[in-house]
There are 6 protein chains.
Amino acid sequence: MAPTHSPASEDSARYTRGLAKLREIDGDAGQRVIDALAPIAPDFARYLIEFPFGDIYTRPELDLKSREIATVAALTALGNAAPQLKVHVHGALNVGCSRQEVVEIMMQMAVYAGFPAALNGLFAAQEVFAQRDAPPVAQTP
Amino acid sequence: MAPTHSPASEDSARYTRGLAKLREIDGDAGQRVIDALAPIAPDFARYLIEFPFGDIYTRPELDLKSREIATVAALTALGNAAPQLKVHVHGALNVGCSRQEVVEIMMQMAVYAGFPAALNGLFAAQEVFAQRDAPPVAQTP
Amino acid sequence: MAPTHSPASEDSARYTRGLAKLREIDGDAGQRVIDALAPIAPDFARYLIEFPFGDIYTRPELDLKSREIATVAALTALGNAAPQLKVHVHGALNVGCSRQEVVEIMMQMAVYAGFPAALNGLFAAQEVFAQRDAPPVAQTP
Amino acid sequence: MAPTHSPASEDSARYTRGLAKLREIDGDAGQRVIDALAPIAPDFARYLIEFPFGDIYTRPELDLKSREIATVAALTALGNAAPQLKVHVHGALNVGCSRQEVVEIMMQMAVYAGFPAALNGLFAAQEVFAQRDAPPVAQTP
Amino acid sequence: MAPTHSPASEDSARYTRGLAKLREIDGDAGQRVIDALAPIAPDFARYLIEFPFGDIYTRPELDLKSREIATVAALTALGNAAPQLKVHVHGALNVGCSRQEVVEIMMQMAVYAGFPAALNGLFAAQEVFAQRDAPPVAQTP
Amino acid sequence: MAPTHSPASEDSARYTRGLAKLREIDGDAGQRVIDALAPIAPDFARYLIEFPFGDIYTRPELDLKSREIATVAALTALGNAAPQLKVHVHGALNVGCSRQEVVEIMMQMAVYAGFPAALNGLFAAQEVFAQRDAPPVAQTP
């Protein structure tokens with residue numbers, strides 16, 4: 001339904017480095033989002049790889065752990081993107097944040113976005129921690 | 001107008017360590033906010049020192065630089081607290097972020113809160129950078 | 001529990017034209033919202049028909065398709081009203097938007113409200129498209 | 001530029017009771033908003049009187065002071081409507097809230113929307129209090 | 001996982017009066033939130049008791065019913081904290097609001113945060129009212 | 001300060017078509033934003049041209065007028081991006097919206113984001129209309 005506009009060649013470098021970065025941060029979770037988009041908005045899947053991951057996350061001026069701290073903080077504060085917050089809690093843990101650091105970020109958001117935003121962030125983190133503690137079979141939905 | 005409820009002694013440890021932390025992060029800017037609150041809500045000035053700075057920012061589980069990355073990200077994403085964002089751009093620079101790292105955080109917020117939020121964050125950062133480059137006399141309004 | 005204040009006669013023209021407009025846009029979905037409100041806030045059901053649909057959507061200065069584009073864009077960007085967004089994806093399709101146009105609006109919201117808002121909008125649209133493709137029996141919950 | 005659609009007679013009762021309620025709450029400030037809208041969206045000025053003030057604020061099930069507490073709380077928490085917040089701080093004081101009660105509402109919003117939202121609310125309140133303390137000449141800009 | 005920093009003695013007065021206030025407002029619901037936090041962020045459970053309930057809700061300058069009106073209004077308007085909104089609808093009813101007053105607050109939020117926010121608030125209230133009408137056995141999950 | 005990462009050649013097609021689209025929509029206003037970014041975040045200026053304008057606005061599946069309706073609606077509803085809203089009111093008028101259509105979009109946002117958001121949108125539109133009516137000399141700040 002959603003045709004692909006740009007010739008594949010045009011942005012292939014951005015796409016390739018974006019996909020690698022997405023895998024580094026999110027593992028399979030990122031790929032699942034891309035797959036879920038395929039039937040409805042394949043071009044948006046491509047943009048999602050190219051701009052956030054190919055352009056922004058690959059910039060060397062800020063390390064990946066700091067980038068995930070920023071993202072977990074922002075999504076917790078905004079409070080209207082629970083699925084993406086969970087993906088980035090995984091991402092933060094994948095690139096070097098400890099669970100305690102994730103919990104600290106969310107507690108701190110009580111100061112800037114209120115206690116409900118912090119609480120909802122903490123409970124999202126708890127779900128992610130439980131997922132990661134579950135035996136591998138349970139992790140493949 | 002706003003009476004002080006808790007006896008000074010009750011929370012004095014939180015207040016003292018909060019004030020020290022506020023000075024470490026924000027220098028004079030934090031004190032100016034406290035002073036501005038005095039005529040209207042002195043108890044709120046006290047809470048602001050005690051909870052965010054005495055309770056949260058003093059926790060050792062997350063370093064100060066990471067805390068300021070989280071705060072700058074959240075305030076840029078929320079987009080409705082320009083004065084506080086500027087105070088925390090100063091704070092981020094005071095505790096070890098480079099200007100380029102601040103700029104990177106704001107660029108990244110385009111992904112999570114849209115380009116206008118990122119643009120307004122970048123222009124706020126630019127104002128702060130200019131303030132810090134101005135000769136000391138101009139810095140004392 | 002919630003008494004009706006205005007005499008039925010006072011605003012009957014607004015109510016009548018609002019109900020007709022609601023049906024034109026939302027078909028049965030609008031009526032289901034009205035019915036759901038009846039036990040808790042019947043006056044609010046009346047206001048919902050009178051102001052948004054009787055006053056605003058009936059104004060001839062902007063065509064219905066443009067109005068639904070505006071509403072789908074706003075609800076996708078705000079990101080905290082999933083049920084209403086789905087009703088208006090139906091509405092947009094009912095008044096002449098193509099599925100591809102709905103998808104384009106949501107993709108565009110990545111620019112103004114971030115990628116998570118756009119993603120959540122796209123997945124809401126996908127649910128609506130699936131509902132409309134399902135055989136009629138499945139459509140009567 | 002913006003034609004008036006409904007015949008004047010249709011909603012005259014709502015308009016009349018809305019205008020009276022607006023004056024009771026906001027005094028001249030409400031009228032100034034209406035006047036400011038006249039050149040660009042006169043119909044919206046009418047809707048503003050009819051729906052919020054003619055329909056909602058006139059309902060007897062909640063007293064005016066409680067209604068203004070709700071509005072001051074919501075606008076402080078949302079944090080993106082400073083002019084309207086100031087109008088409603090005036091309104092809250094006009095219908096029986098004390099200055100201290102307004103200050104308390106804003107302090108409480110730190111819990112639900114974060115400290116920056118509370119701070120910006122407090123400074124808006126301070127401006128309103130100063131306006132009301134200024135000699136009458138200064139009050140007529 | 002999350003160590004407790006402050007010595008228990010330091011803030012015991014705030015904790016004790018906060019816990020009493022939380023119970024007065026929320027009954028068991030508040031305690032369930034505290035319990036849910038224990039495995040992931042026990043310090044945050046303590047902060048939640050100390051600052052919102054020990055510091056803010058115990059201040060005598062605004063009565064509890066007015067405080068709950070402010071909170072229900074703010075959470076309805078923000079629209080991204082459904083679980084906390086339900087807890088505070090219970091709270092509002094526990095400290096003297098009638099069901100009709102809660103409904104009125106939510107209807108009024110249509111003016112300040114839009115009809116979807118008001119609708120989602122009304123449906124949350126409806127759930128709470130149903131919970132309270134259910135036989136006691138069903139109330140103990 | 002902010003180095004340019006991608007080789008100029010890599011995305012030149014996106015950049016070129018984005019710049020042309022930006023000029024078509026925003027005329028000089030877009031260029032002024034780009035120029036303002038140059039000293040602080042030149043890469044972000046490039047991303048702003050490439051992704052929103054080179055990728056999204058150039059897609060043929062939705063006409064430019066509909067795209068501007070969506071953007072004006074979203075920015076009015078979000079309510080925290082006044083400078084960008086004004087740029088896009090200009091944009092909407094440049095690509096075929098009438099002033100009355102812009103006013104209608106903002107009035108409609110009262111339904112989805114509340115009256116304050118609509119009012120602030122209307123006053124922003126009024127500023128833009130006045131700018132466009134001013135003699136050309138006054139238009140070059």
Side-chain angles (χ1 to χ4, degrees), chain D residues 18 21-22 25 47-81 83-85 87-88 91-92 95-115 117-118 121, chain E residues 18 21-22 25 47-81 83-85 87-88 91-92 95-115 117-118 121:
Chain D
K21 189 55 70 178
L22 176 65
I25 298 171
Y47 296 147
L48 182 59
I49 290 168
E50 289 175 352
F51 174 61
F53 294 98
D55 285 344
I56 298 290
Y57 278 87
T58 53
R59 294 173 61 86
E61 282 86 358
L62 189 68
D63 62 281
L64 266 189
K65 184 180 163 182
S66 295
R67 289 196 183 277
E68 286 297 327
I69 288 171
T71 297
V72 167
L75 292 178
T76 302
L78 291 170
N80 59 6
Q84 290 78 25
L85 176 57
V87 167
H88 280 282
V95 301
C97 284
S98 69
R99 290 185 183 193
Q100 185 58 38
E101 287 175 323
V102 168
V103 165
E104 291 292 322
I105 296 165
M106 279 155 180
M107 287 170 58
Q108 186 172 321
M109 289 305 105
V111 177
Y112 300 103
F115 279 73
Chain E
K21 188 56 71 178
L22 176 65
I25 297 171
Y47 297 147
L48 181 60
I49 290 167
E50 289 175 352
F51 174 61
F53 295 97
D55 285 345
I56 298 288
Y57 278 87
T58 53
R59 295 174 61 86
E61 282 85 0
L62 189 68
D63 62 283
L64 266 189
K65 184 180 162 182
S66 295
R67 289 197 183 278
E68 286 297 328
I69 288 170
T71 297
V72 167
L75 293 178
T76 303
L78 290 170
N80 59 6
Q84 290 79 24
L85 175 57
V87 167
H88 280 283
V95 301
C97 284
S98 69
R99 290 184 183 194
Q100 184 60 37
E101 287 175 322
V102 169
V103 165
E104 291 291 322
I105 296 165
M106 281 155 178
M107 287 169 58
Q108 186 172 321
M109 288 305 105
V111 177
Y112 300 103
F115 279 73

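Naming convention: chains lettered A, B, ... in sequence-line order (proteins, then strands); numbering from 1 in each chain.
For F51(D), the part sitting under 4.5 Å from any heavy atom of chain E is the side chain, from C-beta outward, and nothing else.
Shown here for L75(D) and Y112(E), the closest heavy-atom pair between the two residues is CD2-CD2, 3.9 Å. Pairing each heavy atom of A77(E) with each of A74(D), the nearest pair is CB-CB, 3.9 Å. Closest heavy-atom contact between L62(E) and E104(D): CB-CB, 4.0 Å.
The choice from Q84(E), K65(E), Q108(E), E101(E) that makes the most heavy-atom pairs within less than 4.5 Å of chain D is Q108(E).
To the nearest 0.5 Å, atoms CE (M109(E)) and OG1 (T71(D)) are separated by 5.0 Å.
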